[in-house]
Amino acid sequence: MHTEIPAVLSSNTELSSTANLGFIHAFVAAISVIIVSELGDKTFFIAAIMAMRYNRLTVLAGAMLALGLMTCLSVLFGYATTVIPRVYTYYVSTALFAIFGLRMLREGLKMSPDEGQEELEEVQAEIKRKDEELQRSKLLNGTGDVETGVGPSVPKKKWMQFISPIFVQAFTLTFLAEWGDRSQLTTIVLAAREDPFGVAVGGTIGHCLCTGLAVIGGRMIAQKISVRTVTIIGGIVFLAFAFSALFISPDSGF
């Protein structure tokens, strides 16, 4: 009996240590790839431009809700693949990381120095179109019905008093821009091979940092960022994670 207790304690300690390393590895991987994927991305420009026109906190709240929801959905999609034997998902995800990395390097090397400005102008045009739709809605419905959208229903009006049209616009534009984006696919791939909680926390914090930077810095940062440089660095980061997988066993606990 006296010899079994230390063995059990040692086993529990090893399991705890492995779980902690798995969380940290997933956290670092998620926050790294999200930052290099989101800086200079369409969602970054959406937050930057909207923050220049409207209340920054409202824009940040709408964008972060969309990104947080998308991150959670992506993690769930990735975690659902764990029913497949880990050895398969591990090497398939590693291959996808290598493909993403090579593709980003190729895109970055082919990009013109003005690539970011073209993306910025595209987002500006889209937001301007949404503004015009909002103004037409105000003219058609009257100022008293802008919050409700349709009809003078009192219960709906009270509920919609707490939801700003700008919040809804920031949420909708960000969610639609993020759906099917490289960062969403990356989150799914990571959740299939890493600790899902680490991926969720790292991905959410990565989105917070990028979106917060866009909201605070606005147009100045959006114009200063070199999308070409960020894309090349992102490709190197993706390839580094793919290369490191060659030295980590699929059954290592990550």
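Everything quoted here is computed from the prediction, not taken from an experiment. Here, residue 1 is the first one in the sequence, and each next residue gets the next number.
- Side chains of T231 and E107: no donor on one and acceptor on the other come within 3.5 Å.
- I216 and L57 end up in different hydrophobic clusters when Ile, Leu, Val, Met, Phe, Trp and Tyr side chains are linked at under 4.5 Å.
- The nearest pair of heavy atoms linking I35 to C210 is CA-SG, 3.8 Å.
- Partners of T172 by side-chain hydrogen bond (donor to acceptor under 3.5 Å, both in side chains), not counting sequence neighbours: none found.
- Residue T174 holds its OG1 atom at 10.0 Å from CG of L60, rounded to the nearest 0.5 Å.
- Residues that satisfy the salt bridge (Lys or Arg N to Asp or Glu O under 4.0 Å) test with R106, not counting sequence neighbours, are absent from this structure.
- Between the side chains of T94 and R193, at least one donor N or O lies within less than 3.5 Å of an accepting N or O.
- Listed here is the closest heavy atom pair of I232 and L105: O-CD2, 3.6 Å.
- Of the inter-residue distances, the one linking S37 atom OG with E178 atom CD reads 9.0 Å to the nearest 0.5 angstrom.
- Between T71 and H207, some side-chain heavy-atom pair lies under the 4.5 Å cut-off.
- A 4.5 Å side-chain heavy-atom check between T204 and L67 finds every atom pair outside the cut-off.
- For F97, the ring pair (Phe, Tyr, Trp, His ring centres under 6.0 Å) partners at least two apart in sequence or on another chain are F238.
- Environment of OH in Y79: sparse, with no more than 12 heavy atoms of neighbouring residues, nucleotides or ligands closer than 6.0 Å.
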